[in-house]
Amino acid sequence: MHTITRLSADEFRTSVKSLADLLVDVVTGGSSLGFLAPFGQESAADWWHAQQPAVADGSLTVWVARGPDGITGTVGLARNPKPNGRHRAEIVKLMVHRDARGRGVARALLATAEQAAARAGASLLILDTETGSAAEHLYRSAGWTRYGMVPDYAADPDGSLQDCSFYFKRLS
């Protein structure tokens with residue numbers, strides 16, 4: 001069983017090591033999250049530390065899924081700072097440890113972020129993901145609409161260029 005909680009700024013700060021462990025596992029497993037191999041703990045921790053100001057000022061909300069072995073997944077919700085874009089937000093860095101996949105963790109994290117976005121007044125969510133990935137199947141089955149695909153958009157961890165699909169979801 002996994003419990004999903006929103007991290008306060010202080011909790012985020014104290015969770016960086018565990019978040020970095022998760023990020024390293026996911027990138028090592030081949031997920032295209034913006035990082036190239038080799039990718040280690042120090043680089044992962046640096047990336048998470050760089051997110052601290054956004055978590056502290058509320059422009060980025062981060063949730064984690066915890067299981068018996070600690071943090072097994074995470075998702076972020078980034079709010080748009082532009083005055084003409086305050087109605088939308090972006091789902092970022094949805095990831096689940098390889099040992100915890102297939103148990104509904106990603107779906108629960110996604111639903112949590114969607115519900116929080118709706119409560120915060122967002123009426124439109126966006127995200128992007130590697131075309132053909134398991135994540136793409138998740139988004140489609142969760143009611144997201146693909147609005148485009150860009151070939152060779154980003155490199156996966158081994159440096160191979162991959163297509164990227166872009167999705168949106170209107171919230172009621």
Is the Tyr139 to Phe168 ring centre distance short of 6.0 Å? no
Looking only at heavy atoms, what is the nearest atom pair of [X] and [Y], with distance?
{"X": "Ser31", "Y": "Arg101", "result": "OG-NH2, 3.9 Å"}
{"X": "Leu171", "Y": "Ala118", "result": "CD1-N, 3.8 Å"}
{"X": "Phe39", "Y": "Val24", "result": "O-CG1, 3.9 Å"}
{"X": "Ala155", "Y": "Ser32", "result": "O-OG, 3.5 Å"}
{"X": "Ala65", "Y": "Val105", "result": "CB-CG1, 3.6 Å"}
{"X": "Ala9", "Y": "Ala56", "result": "CB-CA, 4.0 Å"}

How about [X] and [Y]: does a side-chain donor come under 3.5 Å of a side-chain acceptor?
{"X": "Ser8", "Y": "Arg13", "value": "no"}
{"X": "Arg98", "Y": "Thr28", "value": "no"}
{"X": "Thr131", "Y": "Ser165", "value": "yes"}

Determine whether a donor-acceptor pair (N or O, by modelled atom type, separation under 3.5 Å) exists between the side chain of [X] and the backbone of [Y].
{"X": "Arg79", "Y": "Leu60", "answer": "no"}
{"X": "Trp48", "Y": "Val16", "answer": "no"}
{"X": "Arg103", "Y": "Asp99", "answer": "yes"}
{"X": "Ser160", "Y": "Asp156", "answer": "no"}

Under 4.5 Å between side-chain heavy atoms, hopping through other hydrophobics if needed: is there a path connecting [X] to [Y]?
{"X": "Trp144", "Y": "Phe166", "result": "no"}
{"X": "Val62", "Y": "Trp47", "result": "yes"}
{"X": "Met95", "Y": "Leu109", "result": "no"}
{"X": "Ile71", "Y": "Val75", "result": "no"}
{"X": "Leu33", "Y": "Val92", "result": "yes"}

So with a 6.0 Å cut-off around NE2 of His137, is the heavy-atom count from everything else above 12? no
A quick test of your reading: do over 12 heavy atoms of other residues, nucleotides or ligands sit less than 6.0 Å from CZ of Arg170? no
Roughly how far, to the nearest 0.5 Å, is [atom2] of [Y] from [atom1] of [X]?
{"X": "Ser133", "Y": "Asp163", "atom1": "OG", "atom2": "CG", "result": "11.0 Å"}
{"X": "Leu7", "Y": "Thr74", "atom1": "CG", "atom2": "OG1", "result": "6.5 Å"}
{"X": "Gln41", "Y": "Asp21", "atom1": "CD", "atom2": "CG", "result": "4.5 Å"}
{"X": "Leu77", "Y": "Ile91", "atom1": "CG", "atom2": "CD1", "result": "5.0 Å"}
{"X": "Lys93", "Y": "Leu22", "atom1": "NZ", "atom2": "CG", "result": "12.0 Å"}
{"X": "Thr145", "Y": "Ile126", "atom1": "OG1", "atom2": "CD1", "result": "13.5 Å"}

Would you say [X] and [Y] make side-chain contact, with heavy atoms under 4.5 Å?
{"X": "Lys82", "Y": "Arg86", "answer": "no"}
{"X": "Leu138", "Y": "Arg107", "answer": "yes"}
{"X": "Thr72", "Y": "Arg66", "answer": "no"}

Carefully, step by step, assess Arg88 and Ser123 under the rule side chain to side chain donor-acceptor pair (under 3.5 Å). CA-CA 6 Å; Arg88 69 180 186 262; Ser123 59; over 6 Å; no
Pairing of Glu136 and Arg146 as salt bridge, 4.0 angstrom limit: yes
